[in-house]
Structure formats: C-alpha cells, structure tokens
Amino acid sequence: MTLGEGWTPMLRSKRYANVYVKEEGANPTGSFKARGLALAVTMAKHYGLKKLAVPSAGNAAGALAAYAAAAGIEANIFMPKDVPFANYVEAMMYGANVTLVDGLISDCGRIVAERKEKEGWFDISTLKEPFRIEGKKTMGYELVEQLGWEYPAAVFYPTGGGVGLIGMWKAFAELEELGWVKAGKRPKMIAVQSAGCAPMARAFDSGEKVSQMWQNAETFASGLRVPKPYGDYIMLEILKESGGVALAFPDEQILASLKDWAKNEGIFLSPEGAASTVAYDHLIKTGYLKPEDKVVLFNTGAGLKYTDVTAEAAGLKRPS
Ligand SMILES: Cc1ncc(COP(=O)(O)O)c(C=O)c1O
C-alpha cells in the first residue's frame with residue numbers, strides 16, 4: 001500500500017557547498033513517519049489485523065491515521081494534548097480514534113500497554129513491531145543513491161525514539177553486502193536533540209550504555225520529546241561504532257537556525273530539522289567537521305506542520 005512515500009528531494013544548500021538537506025517533509029502527512037507506517041500498516045493488513053494502537057509524539061499519529069484509513073483498519077491514537085495542532089486535525093480528519101493525554105509519549109505508551117489486551121489492539125509502537133524500521137531504513141538507501149552511491153562524511157538525525165538512525169545503519173550494512181556502495185567509510189552518525197529533552201546526549205556524554213528517563217521534557221521540537229527511547233542502547237552502540245556524537249541545543253538556537261534557513265535558503269525546516277542545522281554549525285565551529293566534508297542533514301518534517309508552535313516560539317501573532 002502506498003500514498004506516495006519516499007524518494008524525497010536531496011536539496012543542496014545555497015551557502016554551504018557540501019551540505020545536503022534530505023527533505024522528508026515532502027512525504028505524505030509531511031514527515032518521515034510515513035515511511036515506517038506505510039510498511040507497518042501494509043503488513044498489518046497482510047496479517048489481517050483489524051485494530052492498531054500507537055503512542056505518538058505527533059507525526060507518527062498522523063501517518064498511522066492516514067495509512068490505516070487507506071487500509072480500512074481502525075487506528076487508536078494516544079498523543080500529548082499539546083502536540084502541534086496539525087497532528088490533531090489530521091488524525092481526526094483521517095477518522096482515527098484520538099485521545100489527547102495530559103503527559104508525554106511515555107505516558108501514552110503506558111496507556112496503550114495497559115489497554116491493548118482488553119481492547120484487542122495490536123501495538124504498533126516504535127521498535128515493538130518489526131516493520132517500521134524496515135520502512136525507515138529506505139532513508140539510508142536513498143541518501144547513498146542520491147549521492148552517487150557514496151557515503152557522506154556524516155548524517156545528522158533529529159533523534160526521538162531513533163528508529164531512523166537504527167534503520168539507516170541497517171541499510172548501510174545491506175548496501176555493503178550487496179556491493180552497491182562504493183568503497184568508503186560509513187558516515188559518522190550525529191544524533192541531534194533539544195536541550196529540553198536530551199536523554200541520548202546526556203547518556204552519550206556520560207558514557208552510559210542506556211539513557212535515563214528525562215524529567216520535565218519541554219521543547220517546541222515536539223518529535224524530540226521522547227524522555228526515554230526504547231532503543232537507546234542500540235543507538236549508543238551505533239554512535240560509538242560510527243565515530244559519531246549525540247548533541248543537544250536550546251530551543252532559542254533551534255528557532256534562530258530555523259529562521260536563518262527559511263530566510264536565506266527558502267527552506268522552512270521543522271524544529272527537529274533545525275536542530276540538525278544548529279548541530280552542523282556547531283561541529284564546523286569546533287573543527288569536528290571541515291567545510292569540505294559532505295554531510296546530509298535530515299529535515300524530518302515539514303515546517304508547515306508546526307505553524308502554531310513555531311509562531312508561539314517566535315512570538316508571532318496574526319495582526320488584528
Ligand atoms: C519531525 C520529527 N523528527 C524526528 C522525530 C524523532 O524520530 P524518531 O523517533 O525516529 O527518532 C520525530 C518523532 O516523532 C518527528 O516527528
């Protein structure tokens with residue numbers, strides 16, 4: 001089943017010769033979540049599942065709702081009550097059963113776990129079924145193909161649950177096994193978070209094998225409000241193996257970069273995507289990367305899905 005996901009544009013920056021932006025906002029429902037849920041819902045239909053449930057930071061909810069509608073399957077969605085309004089509206093329009101929760105994705109996950117057996121729901125949460133990662137790994141295939149079957153020096157990935165990062169690492173192994181990628185080192189994987197919710201950056205800095213639950217998570221990069229990623233230990237291994245890092249930046253810096261890229265490149269990043277551009281500037285400044293290093297920054301969602309939260313962060317009001 002498809003709604004046209006994947007093969008998203010690889011945009012070249014106007015200002016930085018070796019910076020490419022993988023524009024995942026071009027996917028159906030405006031985010032990379034479409035890739036994983038297209039496959040997971042297709043397989044759910046194949047196996048005859050009738051009722052799916054998901055805890056979501058927002059974009060997975062919209063994507064599940066769309067593919068479930070296309071498949072004729074019931075979608076039960078639990079997401080924080082302060083998700084970007086677009087996430088609520090899209091899920092409602094696609095006909096999902098939507099519950100807004102006074103809490104975070106971790107609280108939503110708990111509700112799904114408690115109710116799923118009684119309700120007969122299949123839990124389609126991140127890394128609790130095998131297919132979302134298979135859908136998301138296509139980002140890894142595409143970026144290598146779009147760069148002429150060569151690896152970039154680094155890949156910047158706005159990290160919540162981390163399925164894309166884990167999926168891309170798998171894609172690289174598969175491409176190597178197939179002999180499709182020209183010689184070269186795998187990219188450094190850069191996990192990017194907001195300072196308002198940075199369990200991966202904290203775990204990486206302190207050399208831990210798993211992350212600790214982040215308390216009072218708060219950021220306008222709503223997709224990054226994942227206080228304790230389920231696959232944290234896998235990501236930490238990948239970061240180490242790739243020679244990468246996990247970094248976090250305050251929302252003010254993320255907003256400044258979002259405005260900079262909109263004004264100077266014509267690219268309206270999501271707050272999550274703008275965390276990548278901040279991280280790139282930082283790693284150039286510290287000398288970790290050189291301007292001649294080819295890098296791919298993921299804009300995981302369309303800026304236009306966030307007009308309410310971005311306007312609020314920017315203090316922007318409609319003139320009355
Ligand atoms: C736009 C956006 N970027 C990044 C993420 C984090 O993705 P993942 O959970 O795969 O790390 C999300 C998750 O909701 C998201 O919506």
Side-chain angles (χ1 to χ4, degrees), residues 8 21-37 39-40 54-65 77-80 82-84 86-88 90-91 104-106 108-109 124-128 131-140 155-170 189-194 197-201 211 214 217 219-232 234-236 238-239 246 248 254 258 268-277 279 297-306 309-310:
T8 53
V21 174
K22 184 78 171 139
E23 180 48 287
E24 290 293 300
N27 278 300
T29 71
S31 92
F32 71 149
K33 295 283 173 182
R35 294 179 185 264
L37 285 153
L39 192 55
V54 82
S56 171
N59 283 320
L64 172 63
I77 284 165
F78 295 81
M79 56 187 169
D82 56 351
V83 284
N87 292 139
Y88 175 68
E90 63 182 336
L104 293 171
I105 187 171
S106 39
C108 299
I124 203 161
S125 298
T126 293
L127 295 173
K128 294 196 179 165
F131 298 111
R132 285 176 67 178
I133 196 163
E134 294 298 307
K136 277 224 189 142
K137 82 179 177 194
T138 57
M139 294 189 293
V155 172
F156 288 68
Y157 182 76
T159 305
V163 183
L165 192 143
I166 299 168
M168 282 193 273
W169 201 246
K170 182 167 191 271
M189 300 304 280
I190 315 294
V192 190
Q193 302 201 296
S194 159
C197 182
M200 292 304 301
S211 64
W214 190 271
T219 169
F220 82 131
S222 49
L224 307 184
R225 285 192 310 178
V226 181
K228 170 88 174 82
Y230 190 62
D232 51 5
I234 311 174
M235 283 192 274
L236 288 163
I238 293 172
L239 295 182
I254 295 175
L258 189 155
F268 190 177
L269 298 166
S270 58
E272 293 85 347
S276 295
T277 50
L297 314 182
F298 269 87
N299 181 37
T300 40
L304 282 173
K305 285 195 90 173
Y306 296 80
V309 289
T310 299

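Whatever order the structure lists ligands and atoms in, that order sets their numbers, starting from 1. Every value quoted in this text rests on a predicted model; they were computed, and no experiment measured them.
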With a 4.0 Å cut-off on heavy atoms, is [X] touching ligand 1?
X: Tyr157; value: yes
X: Val163; value: yes
X: Pro158; value: yes
X: Glu24; value: no
X: Thr126; value: no

Among protein heavy atoms, which lies nearest [atom], and at what distance?
atom: atom 9 (O) of ligand 1; value: Gly161 N, 2.7 Å
atom: atom 7 (O) of ligand 1; value: Phe32 CZ, 3.2 Å
atom: atom 13 (C) of ligand 1; value: Lys33 CE, 3.0 Å
atom: atom 8 (P) of ligand 1; value: Gly162 N, 3.3 Å
atom: atom 16 (O) of ligand 1; value: Asn59 ND2, 2.8 Å
atom: atom 2 (C) of ligand 1; value: Thr300 OG1, 3.4 Å
atom: atom 6 (C) of ligand 1; value: Gly160 N, 3.4 Å

Any donor-acceptor N or O pair under 3.5 Å, side chains Gln193, Thr159:
no
Minimum-distance pair of heavy atoms, taken over all atoms of [X] and [Y]:
X: Pro227; Y: Leu104; answer: CG-CD1, 4.0 Å
X: Thr8; Y: Ala26; answer: CG2-CB, 4.4 Å
X: Gly109; Y: Pro55; answer: N-CB, 3.4 Å

Salt-bridge test for Lys170 and Glu134: reply yes if a basic N is under 4.0 Å from a carboxylate O, no otherwise.
yes
Determine whether a donor-acceptor pair (N or O, by modelled atom type, separation under 3.5 Å) exists between the side chain of Asp232 and the backbone of Ser211.
yes
Lys136 side-chain N/O to Gly162 backbone N/O, donor-acceptor pair under 3.5 Å:
no
With a heavy-atom distance limit of 4.0 Å, tell me whether Tyr306 approaches ligand 1 through its side chain, its backbone, both, or neither.
side chain
Which residue from Gly301, Gly223, Gly231 reaches closest to atom 12 (C) of ligand 1 through any of its heavy atoms?
Gly223
